[in-house]
Amino acid sequence: MTADSENRRCIELIAAAALDRAQWPSALASIANRLRSDHALIFSNKSMAARWPFVATTGLADDHRARFFAPHTMRLWEPWHRAMTPGRVVRHQEVVGDRDFERTEIYNDVIRPTGAFHGTCFQHDGTDLSFHLNVCRRRQTGAFLDRETQALQALASHVTLALQFQCRLSVLEERVSLLSSTLDRISEGVIVVDVKGRPLVANLAAERLLEEADGLALTPSGLGGLTRGATDKFRAALVKAASPPVPHATRIHLPRRSPRPPLLLEILPAGQFDLSVAGSSRPFAVVLLREVDRPITINRSALMDFYRLTPREAGIALLLADGLTVEAIGAKLKLARGTIRNNLKRIFEKTDSHSQVALLALLRGFGS
């Protein structure tokens, strides 16, 4: 294999690693092979955004790898990091002579057990990304030649771009994860979509509705209704909600399978979703999904705390909100009708409700 084909192979694997961290060992192996080396490693060595500690190696046994990244060893690396010129490949002989290197703790405790001696390093040091790339080989192979360090310099630029992309993607993934966990606390379905109806984020309630595919479903072309007409109606509402310069909140309903009532949708504009990682920005909207026939889940602890209800009073109130009659509540709880009515009287007094309709409206306000 020629040097050019080896370089192309390295670049292809580095690009693959940018999208999948599990591919970094393969990318490092190709770099080590290109430089006639035995092992290579890469790691982030400063605090960065999105809690992004990163380590990848090739050619290192597990015990050697553990020794390389032990807390004590990381302190030993610090003088070497400070001696690096950020953005430039540096051979270890440029930092310390071979005889002095043989007497260092980092060589005797960490590098020597691996069988390596000669090393060449690249340090990138930026505000959003800081990493160290190290390639090592045995003494008998000889020191790194100028053409080899030049080859590593060229490959390091691709590694830097790949890790910058990966770091920014990590930030975006963390934000999406935080948004998803927040939306999952909402009992109604919530979907964040782009203008073409493709979902970006969906909470658990929305995922359930999409799995049922009753009223709204995920198709190869995006979200759609049960019929072509329902799909066109949804897409038109989505475009209206997301269109500048004056976006609108839009309410529509989509038919469901009989005899269920329609699925109610409220489509809210939400500006521009920053997708600068992918090199673009797409308008998006938030779609709220409401099932009018789905029982409301009332936050029992919040209800008890706000109105100072006892556990029994709260239980009776929740059963009343579920549509049960006094007789049905008594049968379910195995309590006399008079006991249920006395509890209801106290519930009315504590909530300052003067009718069952008013009480039910109040309870709905404590929906999760």
Side-chain angles (χ1 to χ4, degrees), residues 19 21 47-54 128 165-218 222-224 234-235 237-244 247-254 263-278 280-307 314 318 321 362-368:
L19 299 174
R21 291 187 186 185
S47 298
M48 294 181 295
R51 297 194 305 274
W52 198 74
F54 176 74
D128 60 339
F165 175 87
Q166 199 169 85
C167 187
R168 295 180 69 184
L169 187 61
S170 177
V171 173
L172 179 60
E173 288 173 346
E174 182 167 301
R175 290 174 181 172
V176 170
S177 176
L178 178 60
L179 176 60
S180 297
S181 63
T182 301
L183 295 180
D184 284 342
R185 298 176 64 87
I186 302 174
S187 60
E188 293 179 335
V190 182
I191 308 177
V192 179
V193 299
D194 66 16
V195 74
K196 293 185 178 180
R198 294 172 297 204
L200 303 175
V201 180
N203 69 350
L204 292 175
E207 289 178 357
R208 175 186 58 79
L209 285 168
L210 293 179
E211 288 177 2
E212 294 175 358
D214 188 9
L216 190 67
L218 182 59
L223 296 174
F234 170 71
R235 299 288 174 84
L238 195 61
V239 170
K240 180 181 178 182
S243 296
H248 303 276
T250 306
R251 295 178 180 84
I252 62 172
H253 63 271
L254 298 179
L263 183 67
L264 303 183
L265 279 67
E266 185 171 6
I267 303 173
L268 307 173
Q272 297 282 322
F273 186 57
D274 183 9
L275 289 178
S276 53
V277 164
S280 64
S281 181
R282 297 180 294 180
F284 80 114
V286 178
V287 181
L288 304 180
L289 310 173
R290 295 190 176 94
E291 298 175 279
V292 296
D293 59 342
R294 184 174 180 82
I296 293 178
T297 302
I298 295 174
N299 190 322
R300 180 182 182 129
S301 61
L303 184 66
M304 291 175 60
D305 181 65
F306 193 81
Y307 288 111
L318 295 181
L362 180 147
L363 295 174
R364 290 177 68 89
F366 284 84
S368 299

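Side chains are part of it too, since the values below use all heavy atoms of this structure and drop only hydrogens, waters and symmetry mates.
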Is the shortest heavy-atom distance from the side chain of Leu265 to the side chain of Leu289 under 4.5 Å?
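A side-chain contact under 4.5 Å exists here.
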Leu263 versus His253: any side-chain heavy-atom pair under 4.5 Å?
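SC-SC contact between Leu263 and His253 ruled out.
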Would you name the heavy atoms of [X] and [Y] that are closest together and state the gap between them?
X	Y	value
Gly222	Arg198	CA-CG, 4.3 Å
Glu188	Asn203	O-ND2, 2.9 Å
Arg235	Gly197	NE-CA, 4.5 Å
Leu19	Phe165	CD2-CE2, 3.6 Å

Glu266: what forms a salt bridge (charged side-chain N to carboxylate O under 4.0 Å, His left out) with it, not counting sequence neighbours?
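Arg251, Arg290.
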Return the set of residues passing side chain to side chain contact (heavy atoms under 4.5 Å, CB included) with [X] (not counting sequence neighbours), or none when no residue passes.
X	answer
Ala321	Ile298, Leu360, Leu363
Leu204	Asp184, Glu207
Ala217	Ala213

Going by the rule side chain to side chain donor-acceptor pair (under 3.5 Å), which residues pair with Ser181 if we only count those two or more places apart in sequence or in a different chain?
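For Ser181, no residue satisfies side chain to side chain donor-acceptor pair (under 3.5 Å) once neighbours in sequence are set aside.
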Under the side chain to side chain contact (heavy atoms under 4.5 Å, CB included) test against Ile191, which residue among Leu288, Val201, Leu209, Leu223 passes?
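Looking at Leu288, Val201, Leu209, Leu223, the match for Ile191 under the side chain to side chain contact (heavy atoms under 4.5 Å, CB included) is Leu223.
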